[in-house]
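All remarks here apply to the structure that follows.
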2 protein chains.
Amino acid sequence: MEPPTPHKRTGRPRSAEADRAILGATREALVELGWGKLTLSDVAARAGVAKTTLYRRWAGKNELVVDAIAALFEEQLDLPDLGSLQADIRGVVLRFAGLLDHPAIRTGLMAVVAEATHDDALRLRIREAIVDRQKHLVLLGRARAQSRGEIPPDDTDPALTARDADLIFDVIAGSVVHRVMVSATPVDDDWADRLALLLVLGLSGVRR
Amino acid sequence: MEPPTPHKRTGRPRSAEADRAILGATREALVELGWGKLTLSDVAARAGVAKTTLYRRWAGKNELVVDAIAALFEEQLDLPDLGSLQADIRGVVLRFAGLLDHPAIRTGLMAVVAEATHDDALRLRIREAIVDRQKHLVLLGRARAQSRGEIPPDDTDPALTARDADLIFDVIAGSVVHRVMVSATPVDDDWADRLALLLVLGLSGVRR
DNA sequence: GTGTTTCGCTACGGGTCGTAGCGTAACTTC
DNA sequence: GAAGTTACGCTACGACCCGTAGCGAAACAC
């Protein structure tokens, strides 16, 4: 029988402070060196822990960076109701863009997504720790818009409902990421306004 | 006085076949090993050239991968006129998605974009070799839609014109990339249809 | 106290990096 | 042809990072 907390009953407990120091050092090194030149030896030295301690907790660079970045996503769970679909979209866009203000996220997120191309476990980890948490904000805005009557209620076919939600999530998140990472131009209020307007107009007619 | 071809007058010329072999081997290694485990030693061995030859032409892994990927973008210069803005958008979306069908592009493009976060020269290289070439397709579709009267002609302020074009490019390219890379779901005809419809509806009302 | 787990430290073989040096091959110019 | 120039393949090298093993000490539960 597996206990609820699987393996921590006896012995010396793992230092929670070491965890924070390692993840912080990882983000710091990520900004200074970038993904390619980041080494676990360097991270261990910055964090003030032994390299072996690092390997006891993470399997490698990929997993470490995912956790270091995921920690920055943990706080934001929802978004205040801004009164209209357009305002809510604008809020979500600015929220996403705010996350990409962290240099560590800009550098690390793309790198781990690239690595996830041929590492299914890593992709799952990214999805659970980061992507699904962002998607929740989009689903929240969608539900609010439905309750306001701005967009039609859920389709009788749940598959179609999920399909539409996936589309709008890819559009919002993808646009912001592309703007910041590829076009290398910051997301300002004006851009968020125009994107929100574009989507509201598109959504208002998409079901007729 | 700099000659038009700066440095190639005398001496043994560089093997064009070696170039092709190296870039091909890079793409092959990229698919098999991924960005992180790709080594220049391995690429040289696959290409059948000496490692030193590789270093004589590229400064490092970043530059090599950018060129290896950029070669896959060189053929597609434009898109047939499909008769309507919606059809053209659909065509561009499917074209972008088709590029991401190359496993080498999926794996390498994100990685070099991540590295470009702290390497301005690399970012410029990516922009010239890849991004601007894609943007051209969007601008082409925009011009066609204007000649059809589907969207208003260029604003008197060229800055506003460029701003709107940048927005729609970020939305199209970003949505496709996010769909394929993050959501890890292929772009099929149905998805392209729905995205194109969303954008056409949004664009039809955005200037009122 | 005893038992257990984590910690810091050191050391190690294996691999890649990026460069240097050498002799040879290919091509241009005279 | 011969001389000059550049690219090539090959070998070797110090430097660095990887990931693991082994050790004694520290921090907990019982």
Requested in this report: Sorted by first residue and then second, give each ring pair (Phe, Tyr, Trp, His ring centres under 6.0 Å) pair with at least one member in residues 161-191 of chain B; sequence neighbours left out.
Outcome: Phe169(A)-His178(B), His178(A)-Phe169(B)
Are there any protein N/O atoms within less than 3.5 Å of an N/O atom in nucleotides 15-19 of chain D, and if so, which ones and at what distance?
{"residue": "dC18(D)", "atom": "OP1", "partner": "Leu40(A)", "partner atom": "N", "Å": "3.1"}
{"residue": "dC18(D)", "atom": "OP2", "partner": "Leu40(A)", "partner atom": "N", "Å": "3.4"}
{"residue": "dC18(D)", "atom": "OP2", "partner": "Ser41(A)", "partner atom": "N", "Å": "3.3"}
{"residue": "dC18(D)", "atom": "OP2", "partner": "Ser41(A)", "partner atom": "OG", "Å": "3.0"}
{"residue": "dG19(D)", "atom": "OP2", "partner": "Tyr55(A)", "partner atom": "OH", "Å": "2.9"}
{"residue": "dG19(D)", "atom": "N7", "partner": "Lys51(A)", "partner atom": "NZ", "Å": "3.2"}
{"residue": "dG19(D)", "atom": "O6", "partner": "Lys51(A)", "partner atom": "NZ", "Å": "3.0"}

Query raised in the report: What salt bridge (Lys or Arg N to Asp or Glu O under 4.0 Å) pairs are there with at least one residue in residues 92-103 of chain B, not counting sequence neighbours?
Result: none
**Report entry** Value in whole Å for how far the P atom of dG8(C) lies from CZ of Arg14(A)
**Finding:** 12 Å
Report summary line: Rounded to whole Å, the CG-C1' distance (Leu54(B) to dC10(D)) equals 15 Å
Query - Residue pairs fulfilling salt bridge (Lys or Arg N to Asp or Glu O under 4.0 Å) with at least one residue in residues 128-141 of chain B, sequence neighbours excluded - result: Lys135(B)-Asp166(B)
**Report entry** Pairwise side-chain hydrogen bond (donor to acceptor under 3.5 Å, both in side chains) hits with a residue in residues 77-87 of chain A, at least two apart
**Finding:** Asp81(A)-Arg148(A)
**Report entry** Pairs where residues 32-44 of chain B contributes a residue and the test salt bridge (Lys or Arg N to Asp or Glu O under 4.0 Å) is met, not counting sequence neighbours
**Finding:** Glu32(B)-Arg46(B), Asp42(B)-Arg46(B)
**Report entry** Contacts of type side chain to side chain donor-acceptor pair (under 3.5 Å), residue Arg144(A), not counting sequence neighbours
**Finding:** none
Query - Annotated protein contacts, base or backbone, on nucleotides 22-30 of chain D with a non-hydrogen cut-off under 4.0 Å, one of B, S, - each - result: ----BBBS-
Report task. State whether Arg142(B) and Asp88(B) are salt-bridged, where the test is any N-O pair (Lys NZ or Arg NE/NH1/NH2 against Asp/Glu carboxylate O) under 4.0 Å. Result -> no
Query raised in the report: Listed by chain and number, what are the ring-ring contact (aromatic ring centres under 6.0 Å, His included) partners of His102(B), not counting sequence neighbours?
Result: none
